[in-house]
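Just so it is clear, the structure is predicted and the values come from calculations on it, not from any experiment. Every number for a ligand or one of its atoms is a count from 1 in the order of the listing.
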Amino acid sequence: MRVKVLGSAAGGGFPQWNCACRNCKGVRERTLNASARSQCQIAISSDDKDWFLLNASPDLRTQIESTPELHSRPEVGPAESTAGRNAFRHSPIAGVVLTGGDLDQVLGLFLLRELEPIHVYSTASVRRLLRDHNILFNMLSRQPWQSMWTDIVPSESFRLATPGSSPYIGCQPVALSGSFPAYVDGKGTDLKGEEAILGLVFESSHGGGRLAYFPTVPAVGDQLLELFDSCDLLLFDGTFWADDELLGLNRGFRSASEMGHLPMSGLAGSLNRLAKLGRPRKIFVHINNTNPVLDKDSVQYRQVSEAGWEVAEDGWEFRLQYPKPARAS
Ligand SMILES: [Zn+2]
């Protein structure tokens, strides 16, 4: 399985348009040892042909254009195009798997509205939140075939569907104790709390290579630790370094834990909590522009590195155990 990091920053990106914190100012003025980052976006494939997006970031259009694997490559000839198919339209994006309904996770869906069939996987609550509560989403169902939605049931594994290909990616969804996005006004009686935030574990049918994608993690219990240790690659919530990182920055900000993110530092933080993991390569994704680990010269970056973590950058790619060539008998 190939895993591409198209974007590694939290909502707002890095730098963020209205921010002049030490990090944002430093990366703009090139006085900081840090790279600019677009908003969190991952793409995975088990056959180099069909790609699945994990969430759909507001930066998706530029992320697709900067990733050749995701470019349109129509193969139909003029004869087929006259039979109703358009010779110039195609996308290797086979589907989008949503971990929640936050704007940073779903705004990119609107950027896929140009009448290309798209398969979206989300919990029933997130589907209702988007499609029933938001009239804008009608843009994705102007034609009956335009978007297909599959409900994810937490704890029930499912396959990501690819048109007519035999290898597949299996997905194990894990319900996390998070809440629905801030724009939900409390009237959502048709929304179930356990369907608000998911973590996802992917495994290719080729065998070997397990990916855990957990960009929003409010807390880590022992069961989750065990699950992480069954994976080869862990992409984990790197939003905040400290629980009080945003407090005092501006009015109305909440702590990391109030926002549903386990901070890196502190006794209960992820560095400490996940210190004993033996198997996975550990990568922080979804990094907020205020997080000091963005600065490679910072004490915090050194601490994270010494604890065996890496801080993701846009454009990184991982190859989990790839299919071996078939043996000729
Ligand atoms: Zn900033």
message: With 2.8 Å as the threshold, which protein atoms of type N, O or S lie near the Zn ion (ligand 1)? Leave waters out.
response: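 As for protein N, O or S atoms lying under 2.8 Å from the Zn ion (ligand 1), they are Cys19 SG, Cys21 SG, Cys24 SG, Asn289 OD1.
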
Minimum side-chain heavy-atom gap Phe202-Ile44 below 4.5 Å: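 Side-chain contact under 4.5 Å: yes.
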
- prompt: When you check the side-chain N and O atoms of Thr150 and His119, is any donor under 3.5 Å from an acceptor?
  reply: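 Indeed, the side chains of Thr150 and His119 share at least one donor-acceptor pair under 3.5 Å.
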
field: Which residues share a side chain to side chain donor-acceptor pair (under 3.5 Å) with Ser205, sequence neighbours left out
entry: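 Residues passing side chain to side chain donor-acceptor pair (under 3.5 Å) with Ser205: none at all.
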
field: Partners meeting side chain to side chain donor-acceptor pair (under 3.5 Å) with Asn291 (sequence neighbours left out)
entry: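 Asn291 satisfies side chain to side chain donor-acceptor pair (under 3.5 Å) with no other residue.
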
message: Checking one residue: Trp145. Which other hydrophobic residues are in its cluster under the side-chain 4.5 Å linking rule?
response: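 Trp145 shares its hydrophobic cluster with Leu115.
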
- prompt: To the nearest 0.5 Å, what is the distance between OG (Ser45) and CE (Met1)?
  reply: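 One gets 9.5 Å once the value is rounded to the nearest 0.5 Å.
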
